[in-house]
There are 2 protein chains.
Amino acid sequence: MATIKDVSRLANVSISTVSRVINNTAQVAPEKREAVLSAMKELNFRPNSFAQALVSKRSNCIGVLVGDLCGGPFFAQMMLGLERVIDRANKFTIVMSGNHDEQRERHAIEALLQRQCDALILHSKALPDEELLELTHGDTPIVFVNRVVPGAEERCVWLDNREGTCCAVRHLISMGHSKIAFVTSDDSDFTDAKQRFEGYKSGLEEAGIALDPQLVTSAYADEVGGHKAVEQLLERNVEFTAFVGFNDAMAAGGISCLMERGLQVPEQVSVVGFDDIPYIRFIRPKLTTVKYPIESIGEQAAELALRLLDGKNSEDVRLKFVPEMVVRDSVKQI
Amino acid sequence: MATIKDVSRLANVSISTVSRVINNTAQVAPEKREAVLSAMKELNFRPNSFAQALVSKRSNCIGVLVGDLCGGPFFAQMMLGLERVIDRANKFTIVMSGNHDEQRERHAIEALLQRQCDALILHSKALPDEELLELTHGDTPIVFVNRVVPGAEERCVWLDNREGTCCAVRHLISMGHSKIAFVTSDDSDFTDAKQRFEGYKSGLEEAGIALDPQLVTSAYADEVGGHKAVEQLLERNVEFTAFVGFNDAMAAGGISCLMERGLQVPEQVSVVGFDDIPYIRFIRPKLTTVKYPIESIGEQAAELALRLLDGKNSEDVRLKFVPEMVVRDSVKQI
DNA sequence: CTGTTAGCGCCTTCAT
DNA sequence: ATGAAGGCGCTAACAG
């Protein structure tokens, strides 16, 4: 790989001049500039980004920690939002996945930091609040996604999960339902699960409906889990006219369980999901759900990170997102 | 951020000694080693990876170009495979997406190269063969995924698309079908589309069935497109008992079109998809499809890249993948 | 406008 | 076993 020295030699100028034309950092005589340009082309020169980073103290990289790239389209969508703005700022994205494992998350963050990322965007599920808070004291700007870290609220971009399930319940109630089940994740120290359950409870409470523990069922938070959970629910022989799913996948699994038993959705049971994942359009009936605006969240998180980096004020960055209902065909008025 | 100098000062040793304990590159007196270690801890020292890369000529990064992170779970799954092996090799992954645009792909590769990635794994759809071939002449090892670049075959990890649709057709024929439609992408200079169409043709040919152009229909390669394409097909009023979809999304779209018109799958029309995307389980009936082992392909691509890097022989890396049928419920024997 | 010079943080001989 | 010194490729004063 050719270096700046090679170019300077070929163009018969000093390395500073070359540097100047590379970075447009000062005026250079047109003829010399031409000479440099053609020398660069001839040698297929590309500035060594490490040398640049070493001296300029800027890596132009934003490090991103995600749960896992493959757990559904979720992170992919977030990345889409992130990339859009990071790209526009002419920076790079380095992605690492923590796979929801504490050790791995810690290691990934460590690695990102060591890479001298200019800023970090973290979607950490496994690390404790204190550890995350600690990180914000370092000299690398850090932004948290989908999580509120106490003491670092102004660096968190997140969705109000509680409000989400609450909306879902409200919607069902407005459609005449009152026996509403909740099909949730069995990972009870998963913050999202707690919050969504809270939302379910307060939605009922608002309407003066007592919580019936028999109507709450849980399993692993995917389609298979949803299927199982609804199966359990059915076995309990409690009456319900609707259920809210922890996420769309569980809702879809639950629906297939109902259908297998000859129960029609929404004729006999209404269903509301959560997330509005793209491939929900494959599900029949079209699922009514709560939108998780993950792409926008990604965008705002990146925006915030860049602001922090530039020391610009970040007041107009949206931190807290409020979910909205997406009404489709899986809820029936009764 | 503390530097090696700070550490050496605090530990009362020379820079070299610190370097030695960092890299385990020579014997160091136990007491000094201890002093260094504790100094590193105290200063929260992390070696500057740029300085390391600058002098060692190794960035420990593998650059990856993907079509887009969000066009379905496809790339996410590939990333899963890639990451697994890159991670195991203690290296990093830098991802950029080309969004199927020639300019952007070129720019992304340029950027990755400038980042001094140790090797590149490219999933390029838009760049011409010659340009890609050219890249392999540089000094950075390059691996192509899901594409055969003439002249660089030993650096390509790919699936035999042609064989895939051929399998699908064979399967349908073995189930008694002979009027088999093909619902494909309208992007005709898209290599995958060409190859899959070839497979469809040769599948028919094998069975001595003449190709009926009326049975081939195309649209944008997603669910909506599938819907449209099948709509067209229906309007043509040609008889068919089955169709092969360009991919699962088109198949799913086609199925919903059929269902809306009261046509049962597979009772009246059998369907075979392509890819076996994860969320296919949401589709009713369960779709029979051709598996695209994208995760394994990702793994092997990464494996190949690492081999190339280490100059190890890469003979046992699997380059060409052969698709296999996944038989589920959307095909009926007639 | 241009060239010279001094590092950025680290690794690696080369002496000791 | 250890320290001193040189240099990786580049940028940023500083002199002309």
Side-chain angles (χ1 to χ4, degrees), chain A residues 1-37 39-40 43-61 90 92 111 113-118 138-140, chain B residues 1-37 39-40 43-61 92 110-111 113-118 138-140:
Chain A
M1 183 67 76
T3 77
I4 197 175
K5 221 177 197 165
D6 301 324
V7 176
S8 76
R9 207 171 312 150
L10 184 61
N12 252 316
V13 296
S14 73
I15 56 173
S16 324
T17 302
V18 178
S19 176
R20 284 177 189 117
V21 350
I22 295 173
N23 304 300
N24 251 311
T25 184
Q27 290 295 331
V28 172
E31 65 228 61
K32 298 214 173 191
R33 150 178 239 88
E34 269 318 307
V36 170
L37 252 19
M40 297 204 321
L43 295 171
N44 191 18
F45 168 79
R46 262 186 288 271
N48 181 321
S49 56
F50 293 130
Q52 291 179 315
L54 186 58
V55 54
S56 70
K57 308 281 191 193
R58 274 274 181 130
S59 70
N60 276 319
C61 279
N90 256 311
F92 287 75
L113 247 21
Q114 175 169 353
R115 281 268 157 222
Q116 330 292 129
C117 288
D118 293 340
D139 30 29
T140 305
Chain B
M1 183 66 77
T3 76
I4 198 174
K5 220 175 198 166
D6 301 323
V7 176
S8 76
R9 208 170 310 150
L10 184 62
N12 250 318
V13 296
S14 73
I15 296 185
S16 323
T17 303
V18 178
S19 175
R20 284 178 187 115
V21 350
I22 294 174
N23 304 300
N24 251 311
T25 185
Q27 291 293 331
V28 171
E31 66 230 59
K32 301 215 171 192
R33 148 177 242 90
E34 270 318 306
V36 170
L37 252 18
M40 296 203 320
L43 295 171
N44 191 20
F45 168 79
R46 261 185 290 271
N48 180 320
S49 56
F50 294 132
Q52 290 180 316
L54 185 57
V55 54
S56 71
K57 309 280 191 193
R58 274 277 179 130
S59 69
N60 277 317
C61 279
F92 287 75
E110 192 64 22
L113 247 22
Q114 174 169 353
R115 282 268 158 222
Q116 329 292 127
C117 288
D118 294 340
D139 30 30
T140 305

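Reminder, nothing fancy here: chain letters follow the sequence lines and each chain counts from 1.
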For residues 21-34 of chain A, dump all side-chain donor-acceptor pairs below 3.5 Å to protein atoms at least two apart in sequence or in another chain.
residue	atom	partner	partner atom	Å
A/Asn23	ND2	A/Ser19	O	3.0
A/Asn23	ND2	A/Ser19	OG	3.4

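No side-chain heavy atom of A/Lys57 sits less than 4.5 Å from a side-chain heavy atom of B/Met1. The shortest distance between side-chain heavy atoms of A/Asn48 and A/Thr3 does not fall below 4.5 Å.
Residues passing the side chain to side chain donor-acceptor pair (under 3.5 Å) test with A/Ser14 are A/Thr17, sequence neighbours excluded. Under the rule for a side chain to side chain donor-acceptor pair (under 3.5 Å), B/Arg9 has no partner lying at least two apart in sequence or in another chain. With sequence neighbours left out, B/Arg46 forms a salt bridge (charged side-chain N to carboxylate O under 4.0 Å, His left out) with A/Glu110. Annotation: ring pair (Phe, Tyr, Trp, His ring centres under 6.0 Å) contacts of A/Phe92 (sequence neighbours excluded): none. Taking the side chain to side chain contact (heavy atoms under 4.5 Å, CB included) definition, one finds that A/Ala35 meets it with A/Ala11, sequence neighbours left out. Under the rule for a side chain to side chain contact (heavy atoms under 4.5 Å, CB included), the partners of A/Asn60 that lie at least two apart in sequence or sit in another chain are A/Lys91, A/Asp118, B/Arg115.
Rounded to whole angstrom, the span from the CG atom of A/Asn23 across to the C1' atom of D/dA12 amounts to 10 Å. The nearest whole Å value for the distance from the CZ atom in A/Arg58 to the P atom in D/dA12 is 12 Å.
Pairing each heavy atom of B/Gln116 with each of A/Ser49, the nearest pair is OE1-N, 3.6 Å. Minimum interatomic distance between A/Val36 and A/Val7 (heavy atoms only, all atoms of both residues): O-CG1, 4.1 Å.
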List, with names and distances, any nitrogen or oxygen atoms from the protein found under 3.5 Å away from nitrogen or oxygen atoms belonging to nucleotides 13-16 of chain D.
none

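Listed by residue number, the members of residues 45-57 of chain A with any heavy atom below 4.0 angstrom from DNA chain C are A/Leu54, A/Val55, A/Lys57. Using a 4.0 Å cutoff on non-hydrogen atoms, the parts of residues 2-15 of chain B near DNA chain D are B/Val13, B/Ser14, ordered by number.
In terms of modelled atom types and a separation under 3.5 Å, the side chain of B/Ser59 and the main chain of B/Ala53 share no donor-acceptor contact.
When DNA chain C is scanned 5' to 3' for any atom under 4.0 Å from a heavy atom of chain A, the first and last hits are C/dC1 to C/dG9.
Each salt bridge (charged side-chain N to carboxylate O under 4.0 Å, His left out) pair with one or both residues in residues 16-26 of chain A, not counting sequence neighbours, would appear here, but there are none.
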